[in-house]
Number of protein chains: 2
Amino acid sequence: MEYISVIGAGGWGTALAIHLRNRGCTVRLWGWHQDEVDEISANRENVSFLPGIKIPPEVLVLADPAQALVGAELVVQAVPTQFMRSTLKRFRLLYPADLPMISCSKGIENHTLLRGTEIIQDVLGPIPVGALSGPSHCEEVARGRPTVVAVSTTDPALSKEVQAVFNGNAFRVYTNPDLIGVELGGAVKNVIAISAGICDGLGYGDNSKAALVTRGLTEIVRLGVAIGAEAQTFYGLAGVGDLYTTCVSQFGRNRAVGERIGRGERLDEIRSSMSQVAEGIDTTRSVRELARRRSVELPICEEIYKVLFHHKSPARAVQDLMAREPGPEHREGG
Amino acid sequence: MEYISVIGAGGWGTALAIHLRNRGCTVRLWGWHQDEVDEISANRENVSFLPGIKIPPEVLVLADPAQALVGAELVVQAVPTQFMRSTLKRFRLLYPADLPMISCSKGIENHTLLRGTEIIQDVLGPIPVGALSGPSHCEEVARGRPTVVAVSTTDPALSKEVQAVFNGNAFRVYTNPDLIGVELGGAVKNVIAISAGICDGLGYGDNSKAALVTRGLTEIVRLGVAIGAEAQTFYGLAGVGDLYTTCVSQFGRNRAVGERIGRGERLDEIRSSMSQVAEGIDTTRSVRELARRRSVELPICEEIYKVLFHHKSPARAVQDLMAREPGPEHREGG
């Protein structure tokens, strides 16, 4: 695999396009708006989403779906989950049935409750699919800082091919057969990251945040196992690792949303002031609905839902979480 | 249990004494040096280890072992692991055989390779013992910031009693039957924290650090399971939770040691400039020896050992860790 098309010219898509070009691939990067694409192409920089980082001149930046797929042996999609369906529809009529697509989004679609690879197959049919996830802030990947991720696909041979394409230049790729886990870990951790941000906004300190992260991991595992994922996956890169970066980093958008909520801002104000999408907000709705359908109890996700969508006071939400009667740390069923 | 003696007037011992007093207990706090004890007692503040935090006047601060144990129904020991044996020897002749002692140290003794509760029983005989661990920076506990920890003892009834004593005032205590896991998690995470600090010192970013934390957790689990702990414990407060705080926090001494090493300082310089003990340094030796005896492979701990004690370049150590050929994320045996 040498010819790669990246769908989505946000921060993550751009960073992956740069990385793949630096790995020696021929890369086409597709963006929705012609004017944005022209700007990126002219500046060799994604000023809105990845400022200060040069895009190699060999990366073609395009807005035409047919042009974007020319020669592609692998497609990497990096569009926010709630925009995936509308984006992929633009590729439907021209998408080859045997062209694999790797999802790099971290969310669950509202209403349908589908993961990235499920949305892809829902729109494009039963093409080969996979997911790439793990602790990978795009700014750091674009700058070539050491990063380690997990890849999972519907076919072990494809996983190894994808691994070979991405692995190198301080970017390490492990394979993992658990596609559900790899996708779900990245999605649900964005909800937990909002709770960690709320802790920051309330000025609660690292002990509280660590407790939330730990109990949050338990919720990710509980939901994941109910849906058919392996617990082991969540204890690895796509769970613990990604949760760590998202909850700590200054780059973490979901953590930042939580922090602003903890400081007393309203969700609609925050949303309207952000240029980038914090996947955790919409994913909170999906995760809550998924948990209800499976009768899984997720106290942190439930409180975040109430804070985001029912004006519950964030301080009260954290207090309610902390006030739960402690018993044994591990119960049957997690 | 109302009468509690705390052995060790460092930051952690002092913070726990304050918390227990605020819970309504009658608390005696023992420190090794008469002059230090007098200073703390006069100032009602532990200026060296917990500056800026008032110690309630009801906490008696003492240097005499017999005085320190008067009326005690529970003893909490919070001395750095490598000093536990010499400290406990001062209590040996007067220690009641039925007086329980909870270890709050996070290390493994050099040469003997014993955990805290094992050192206690080695010195004091088969008294009831337990351990308290989890994400709990002493500064935050002393200030009453929300904190959640795990407690494990040799006896479920004792665990519940200890839980009842400590639980309250924004300090939550879960019980966990896995004593080995609760103690080992806290010890080995200090070694991983040094590696996370090295990442910081080298300016590597959050992706790298998250990868090290994730692979570090795998090492903790691998060693722990070989020794008889439950993997589940390490995915909870005494593993993931504690690892998180230690690797993130500005208060983290072991992380700070790593950061200075990453910046090029020498271990002996760092050690001589620190007033507090970073348990991870000595524990690195113990963990490595423990792993060798059990034939467990711990690549991160091994590299940290080489950096700390054999002048290996920290940049080279991290590069060597990152250069390992990636395969499947989870292998048999972790």
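FYI, side chains are in, hydrogens and waters are out, and symmetry mates aren't considered; it's all heavy atoms of this structure. In what follows, chains are A, B, ... by sequence order, proteins preceding strands, each numbered from 1.
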- Item | N/O donor-acceptor pair under 3.5 Å between B/Glu219 side chain and B/Ile300 backbone |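 Yes.
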
- Got a donor-acceptor contact below 3.5 angstrom from the A/Asn254 side chain to the A/Ala193 backbone?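 It does not hold such a pair.
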
Is the closest side-chain heavy-atom distance between [X] and [Y] below 4.5 Å?
X: A/Leu50; Y: A/Cys138; value: yes
X: B/Trp12; Y: B/Leu132; value: yes
X: A/Leu243; Y: A/Ile220; value: yes

- Near A/Lys312 NZ, under 6.0 Å, is it more than 12 heavy atoms from other residues, nucleotides or ligands?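 Yes, the 6.0 Å shell around NZ holds more than 12 heavy atoms from other groups.
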
- Query: If you take all heavy atoms of B/Pro299 and B/Arg222, which pair is closest and at what distance?
  - Reply: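 Smallest heavy-atom distance, with atoms named: CD-NH1, 3.9 Å.
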
Taking [options] one by one, which has the highest count of heavy-atom pairs under 4.5 Å against chain A?
options: B/Val318, B/Val248, B/Asp178; result: B/Val248
options: B/Leu237, B/Thr233, B/Asn176, B/Val149; result: B/Leu237
options: B/His137, B/Arg145, B/Glu140; result: B/Glu140
options: B/Val240, B/Val148, B/Thr147, B/Val141; result: B/Thr147
options: B/Pro146, B/Pro177, B/Ser136; result: B/Pro146

- Task: Name the member of A/Cys247, A/Gly134, A/Gly252 that forms the most heavy-atom pairs with chain B at distances under 4.5 Å.
- Result: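 The residue among A/Cys247, A/Gly134, A/Gly252 with the greatest pair count is A/Cys247.
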
Once you round to the nearest 0.5 Å, how far does [atom1] of [X] lie from [atom2] of [Y]?
X: A/Tyr235; Y: B/Gln232; atom1: OH; atom2: CD; result: 4.5 Å
X: B/Leu16; Y: B/Ile102; atom1: CG; atom2: CD1; result: 11.0 Å
X: B/Glu279; Y: B/Lys106; atom1: CD; atom2: NZ; result: 9.5 Å
X: B/Glu139; Y: B/Ser249; atom1: CD; atom2: OG; result: 7.5 Å
X: B/Arg255; Y: B/Thr245; atom1: CZ; atom2: OG1; result: 12.5 Å
X: A/Lys54; Y: A/Ile18; atom1: NZ; atom2: CD1; result: 10.0 Å

- Mind running side-chain contact (heavy atoms from CB on, under 4.5 Å) on B/Leu223 and B/Phe234 for me, showing each step along the way? CA-CA 11 Å; B/Leu223 179 64; B/Phe234 304 116; over 6 Å; no

- Message: Under the rule for side chain to side chain donor-acceptor pair (under 3.5 Å), what residues qualify as partners of B/Arg263, not counting sequence neighbours?
- Response: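 Partners of B/Arg263 under the side chain to side chain donor-acceptor pair (under 3.5 Å) test: B/Glu259.
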
- Task: Give me the contact list for residues 179-192 of chain A versus chain B, heavy atoms only, anything under 4.5 Å, ordered by residue number.
- Result: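 Residues in range: none.
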
- Quick one: which residues of residues 198-211 of chain A reach chain B at under 4.5 angstrom, heavy atoms only?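 Within residues 198-211 of chain A, the residues under 4.5 Å from chain B are A/Gly203, A/Tyr204, A/Gly205, A/Asp206, A/Asn207, A/Ser208, A/Lys209, A/Ala210, A/Ala211.
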
- Identify which part of B/Leu217 has an atom lying under 4.5 Å from any heavy atom of chain A, answering side chain, backbone, both or neither.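 The answer is the side chain of B/Leu217.
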
- Give me the contact list for residues 162-172 of chain B versus chain A, heavy atoms only, anything under 4.5 Å, ordered by residue number.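 So far as heavy atoms go, B/Gln163, B/Asn167, B/Ala170, B/Arg172 are the residues that approach chain A to under 4.5 Å.
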
- Going by atom types alone, do A/Ser159 and A/Thr153 pair a side-chain donor with an acceptor below 3.5 Å?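 Yes, because at least one side-chain N or O of A/Ser159 sits under 3.5 Å from a partner of the opposite role on A/Thr153.
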
